[in-house]
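Numbers restart at 1 for each chain; the letters A, B, ... are given by sequence-line order, proteins then strands.
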Number of protein chains: 2
Amino acid sequence: MSMDRRSGCPINLSLEVFGDRWSLIILRDMIFGGRRHFRELLNASMEGIASNILADRLKRLMQLGMLTKADDPSHKQKAIYSLTEMAITLVPILAHLGAWGRVWLPVSAELSIRAELLEKGGPPMWDKFMDELRHEHLGMPLDTSAGPSVRATLQAAYEAVVAGRAPGASPAA
Amino acid sequence: MSMDRRSGCPINLSLEVFGDRWSLIILRDMIFGGRRHFRELLNASMEGIASNILADRLKRLMQLGMLTKADDPSHKQKAIYSLTEMAITLVPILAHLGAWGRVWLPVSAELSIRAELLEKGGPPMWDKFMDELRHEHLGMPLDTSAGPSVRATLQAAYEAVVAGRAPGASPAA
DNA sequence: GCAACTGATTGCAAAACGCAATCAGTGTTG
DNA sequence: CAACACTGATTGCGTTTTGCAATCAGTTGC
């Protein structure tokens, strides 16, 4: 977890940033799940992260420049975590990772529908998603606001699979 | 390091395969460095992996189906490790990872030239590289053998940067 | 005041890691 | 045949990281 700087190899340095069991899970929940608060990340974590690990990783990701923290006006002790551009540009990597996992690993249907759609959408969909994230987390203007958001599309597909059958089809047997 | 199967999420499952500090480094050295033997991986490891960790990871990657082991005819105790198709298809992910690291992390010029070329080459170059790896590791025929191998191209560029200046330029100050 | 909730922190056991030493079997040399 | 280096590991041991439960002080609503 320390900043070894074992070598200047890009792959090695990338691994030193999120080459652990939790950092990328947290970023995944923020990116695809839209989670911004400590409790959201803690309780909604499908894999069950411990609070001390979450606190440590959030601190570390902030030091690395992947996240920023801001006060929530509604609650003086509440903090809102935001993705930086550095983290937002991980979207293509996450898309590839999801696509690879979907092919080679025993993924569940409900949880892989998002990866499937993201893979089919390709770079145009990733770009649209990154623009939406820049809007949410960095306050950038959302110029090409065509149709529903990528996250909403992915979420709807996920819920369709959970509820019944294939996305788009009627939820009947 | 265990096979938790924390969740069926593709990203989580991918992380459980190579979400540690060494697995992807080993695969990187095999893919880009062409290393096939235990000692090659041990001694040429830029980051200095320990022998017990290397032995453990090789065993684990074999169990996961990323590597296979075969006897080396030249030495009864020597083993040759081969990438499986599952590992070869990591090339696009490694390319993206290298590209991301090159933008956001303090990479060294020598070690990032490969990532730069691989990024510029894009999917066509990745496909060619994967075909070459399938030839080396799986014995598949190499149909489109046009020009020097991708690994040789990357290696030449690396050595050009180490020797002097930019790749393609004369190695003079 | 009191309970629920906020983002953490602490203590402790278990697991993983890093390093050096070591292993048995193999090939090479003299 | 003896000495030696090399093969892919394994073992012991101390350090670090992780997982889990309990706990913390400050904030909010009642």
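Rounded to an integer number of Å, the gap from A/N52 CG to D/dA22 P is 14 Å. Atom-to-atom, CD of A/E47 to C1' of D/dG19 comes out at 15 Å; the value is rounded to the nearest Å. Atom pair A/D56:CG and D/dT16:P shows a separation of 15 Å (rounding to whole Å applied). Remark: C1' of C/dC17 and CD1 of B/I26 are 13 Å apart, rounded to the nearest angstrom. Atom CG in B/L42 sits roughly 12 Å away from atom P in C/dA20 (whole-Å rounding). Separating the CG atom of A/D20 from the P atom of D/dT17 is a distance of 11 Å, rounded to the nearest angstrom.
For A/W126, there are no side chain to side chain donor-acceptor pair (under 3.5 Å) partners two or more places apart in sequence or in a different chain. For A/W22, the side chain to side chain donor-acceptor pair (under 3.5 Å) criterion is met by no residue, not counting sequence neighbours. Taking B/E136 as the reference, B/R151 meet the salt bridge (charged side-chain N to carboxylate O under 4.0 Å, His left out) condition, with sequence neighbours excluded.
Look at B/W22 and you'll find a side-chain N or O under 4.0 angstrom from OP1 or OP2 of C/dG18. Listed pair A/R57 / D/dT18 meets the phosphate criterion, a side-chain N or O lying under 4.0 Å from OP1 or OP2.
The pair A/D131-A/R134 meets the salt-bridge criterion, since a charged nitrogen lies less than 4.0 angstrom from a carboxylate oxygen.
Map A/S74 and A/I53 each onto its nearest nucleotide of DNA chain D; the residue landing nearer the 5' end is A/I53. Nearest-nucleotide mapping onto DNA chain D: of A/I49 and B/K59, the residue sitting toward the 5' end is B/K59.
Sorted by first and then second residue, the salt bridge (Lys or Arg N to Asp or Glu O under 4.0 Å) pairs with a member in residues 95-110 of chain A read A/R102-A/E116, A/R102-A/E119; sequence neighbours excluded.
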Please tabulate the protein-to-nucleotide N/O contacts below 3.5 Å involving nucleotides 5-8 of chain D, giving atom names and distances.
{"residue": "D/dT7", "atom": "O2", "partner": "B/Q77", "partner atom": "OE1", "Å": "2.6"}
{"residue": "D/dT7", "atom": "O2", "partner": "B/Q77", "partner atom": "NE2", "Å": "3.4"}
{"residue": "D/dG8", "atom": "OP1", "partner": "B/F38", "partner atom": "N", "Å": "3.0"}
{"residue": "D/dG8", "atom": "OP2", "partner": "B/R39", "partner atom": "N", "Å": "2.9"}
{"residue": "D/dG8", "atom": "N7", "partner": "B/R39", "partner atom": "NH2", "Å": "2.6"}
{"residue": "D/dG8", "atom": "O6", "partner": "B/R39", "partner atom": "NH2", "Å": "3.3"}

Using a 3.5 Å cut-off and no angle test, enumerate the donor-acceptor pairs between side-chain atoms of residues 24-37 of chain A and protein atoms at least two apart in sequence or in another chain.
{"residue": "A/R28", "atom": "NH1", "partner": "A/E47", "partner atom": "OE2", "Å": "3.1"}
{"residue": "A/R28", "atom": "NH2", "partner": "A/E47", "partner atom": "OE1", "Å": "2.8"}
{"residue": "A/R28", "atom": "NH2", "partner": "A/E47", "partner atom": "OE2", "Å": "3.4"}
{"residue": "A/R36", "atom": "NE", "partner": "A/Y81", "partner atom": "O", "Å": "2.7"}
{"residue": "A/R36", "atom": "NH2", "partner": "A/S82", "partner atom": "OG", "Å": "2.8"}
{"residue": "A/H37", "atom": "ND1", "partner": "A/A79", "partner atom": "O", "Å": "2.9"}

